[in-house]
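For reference, the structure is listed below as structure tokens.
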There are 2 protein chains.
Amino acid sequence: MTIRDVAQAAGVHVSTASRALTASHLVKKETRERVLAAAARLGYRPNESARALTTGRTRNLGLIVSDIANPFFPPLIKAAQAHARVRGYQVFVADTDEDVRVEEELIQTLARQVDGVVLVSPRLADDVIARLGGDLPFVLVNRQITGLSAVLMDVAHGAVRAVEHLAGLGHTRLALVCGPRGSWTSAQMRRAAGQAAADAGVRLDVLGPNAPTEQGGIAATAEVLRTGATGVIGYNDLVAIGLIEGLDEHGVRVPDDLSVIGVDDTVAGRLNRPRLTTVAMPTAPAGRTAVDLLLQTLESGEPDHATAQTTLATSLVVRDSTAPPDQSRG
Amino acid sequence: MTIRDVAQAAGVHVSTASRALTASHLVKKETRERVLAAAARLGYRPNESARALTTGRTRNLGLIVSDIANPFFPPLIKAAQAHARVRGYQVFVADTDEDVRVEEELIQTLARQVDGVVLVSPRLADDVIARLGGDLPFVLVNRQITGLSAVLMDVAHGAVRAVEHLAGLGHTRLALVCGPRGSWTSAQMRRAAGQAAADAGVRLDVLGPNAPTEQGGIAATAEVLRTGATGVIGYNDLVAIGLIEGLDEHGVRVPDDLSVIGVDDTVAGRLNRPRLTTVAMPTAPAGRTAVDLLLQTLESGEPDHATAQTTLATSLVVRDSTAPPDQSRG
DNA sequence: GTGAAAGCGCTAACAT
DNA sequence: ATGTTAGCGCTTTCAC
């Protein structure tokens, strides 16, 4: 079932059929309709490989994430993939498992099969990305590299709101449990939270780096307790949940003895007991926006100099893991 | 950077370069090494579109799931994708959003760009799948259709273990909250749990169908209470968690007043409080096995008659949502 | 507005 | 064991 069959059925030449199919208005309306009808009747589907070979465009996108199983990603993947599909693109989803070597190899392989890639990976070194970005349109998520487009989430503002929330409840000694070294999100939080704490006149101890997982949170518990903080902000929901678990083992109750805030607003946080107060990250919108930016770059035809940055708002979702400090303890 | 350049650099003809690259032993060892060296030096990556056009094989796989954001899927996706990549395949991940129309259209589109698809979708009608399966190698997960390969999880055994666990604890009136109509998993559970209940001499009320979500669980709560059951098995972790939530609103405590068991063993269940007793589904192994089955079918060259079924074991993970029945209530 | 023909990069007969 | 050639299905000049 090739374009040949369609052309024959419609009584036109292949090239005419091709034109009719590729939305060219270079073909008389009546002819186009005849071709389209024939294609529909025969159930014709273009061979994307052949199309890619001539045009040099695959209509495929790559989406590279560090860990599909981290609940931060599924909504982003889901949204990106749905958005791309509506626009006629399929997406390869690849998981680097936080392994930088895998990642670089992966990008190289993918490079020939996609028109662009959305990269949500905190670990790969800037210069590697920059080099790779020379060959292929990239859109970064939650990461900034000069010359590359990016979708950013305003986690700085989220961190400020988190500090303000805790300070407003009466906490005067806070702790921030940072994420992995080199994480843009972590750096943003650190800076913004530090400033907000200074503004509010409360103390903030910055702890880390830590693994962005429940284990990371558990591991950080002892250190948090050592600071004497009564309010703590975790790098993400998983870390916050780990913290709550770790605290529980030390007999410290949340939120009665200590308040905990996460970041991301994942299912995990919603299901946790106590339900987690968290900075909601717009993961689904970020997925859509990243795809938009990428397609915009691709379709503008000027891949090299069409750098765009979009920042998406975050918001604080107050649930049950935060409360005023226990007066009896201070 | 084409195979031409590589051939030229190695001082051989294109076809020789091609042979050397495609692992043919049809080329003298020394020549092959020269070609490989040249390819490596030039950073050559084959154009997969061109390759696909000539061979008719894309080295792409499709993975169609009903909802990426359902915590059941990410581990399966992650495993499938990693496994495929090691074997030289990329995977398109597509989410049907539980929409049958989307799904069929999607498969049609994907059909031309992949060598086979792994389908994890409870909803699409058997005959549609069977028709589609005629054109393209399919591997089903948790679903059986004559003539198609499948990876099954032994949820029947899991259901038996769940019933036995509750009966062993002393419960005599159980309820099973089923999943969506037409779900293979749900049917398996229903049959096996019914048998196990009869064997154990306990009563089992079967409820449903229900949405496979937290909401579905919440919605089923009243009906569960009406049965007078003291032990209930949910279709999956999400439903079980919804049940616990719904029960909490009715002032019924888990596990003190009522025991709840889920199915899947997702993060959600692990993070829930009380931590959920659940039937662990081997999602990651299933992803790998599905890919293996698919590649096996592809590489055996006999796509039509190479039907294989693999059943993976499940196990009961006992945590905090189950306990002996409250003696004061019966 | 439509037909003719070239060619994208690669593999697979077919030669030798 | 290697070179030669045709052609996969499609788009895109180039003619007319």
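Residue numbers start from 1 in every chain, and the chains themselves are labelled A, B, ... in the order their sequence lines are given, proteins ahead of strands.
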Anything under 3.5 Å between a protein N or O and an N or O of nucleotides 11-13 of chain D, put it in a table, one pair a line.
| from | atom 1 | to | atom 2 | distance (Å) |
| --- | --- | --- | --- | --- |
| D:dT11 | OP1 | A:Arg51 | NE | 2.7 |
| D:dT11 | OP1 | A:Arg51 | NH2 | 3.3 |
| D:dT11 | OP2 | A:Ser18 | OG | 2.9 |
| D:dT11 | O4' | A:Thr54 | OG1 | 3.2 |

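Between the side chains of A:Ser49 and B:Gln113, no donor-acceptor pair of N or O atoms lies under 3.5 Å. There is a side-chain donor-acceptor pair under 3.5 Å between A:Ser121 and A:Glu103.
Exactly one of B:Thr185, B:Thr266, B:Asp154, B:Leu76 qualifies for a side chain to side chain contact (heavy atoms under 4.5 Å, CB included) with B:Met281. That residue is B:Thr185. Checking each of A:Arg143, A:Arg131, A:Gln144 against A:Asp126 for a side-chain hydrogen bond (donor to acceptor under 3.5 Å, both in side chains) leaves exactly one that passes, namely A:Arg143.
Heavy atoms of A:Ser49 sit nowhere under 4.0 angstrom from any nucleic acid atom.
The interatomic distance linking A:His13 (NE2) with D:dC10 (P) rounds to 14 Å, in whole Å. As rounded to whole Å, 11 Å separates atom C1' of D:dG7 from atom CZ of A:Arg4. Atom pair B:Leu53:CG and D:dC10:C1' shows a separation of 8 Å (rounding to whole Å applied). Atom CZ in A:Arg45 sits about 17 Å away from atom C1' in D:dG9, given to the nearest Å. Per the geometry, CG belonging to B:Leu26 stands 14 Å off P belonging to D:dG3, to the nearest Å.
One N or O on the side chain of A:Ser149 and one on the backbone of A:Ala308 form a donor-acceptor pair closer than 3.5 Å.
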Next on the checklist: Using the rule given for side chain to side chain donor-acceptor pair (under 3.5 Å), can you reason through B:Gln8 versus B:Arg4, listing the C-alpha separation, both sets of side-chain angles and the distance that settles it, and then say yes or no?
Outcome noted: CA-CA 6 Å; B:Gln8 198 161 351; B:Arg4 265 203 151 60; over 6 Å; no
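Between B:His25 and B:Arg112, the residue anchored closer to the 5' end of DNA chain D is B:His25, taking for each the nucleotide with the nearest heavy atom.
For the side chain to side chain donor-acceptor pair (under 3.5 Å) test, no residue two or more places apart in sequence or in another chain qualifies with A:Gln90.
Interface limits on DNA chain C: the 5'-most and 3'-most nucleotides within less than 4.0 Å of chain B heavy atoms are C:dG9 to C:dA13.
Looking at every heavy atom in both residues, B:Pro137 comes nearest to B:Thr297 through CB-CG2, 4.3 Å.
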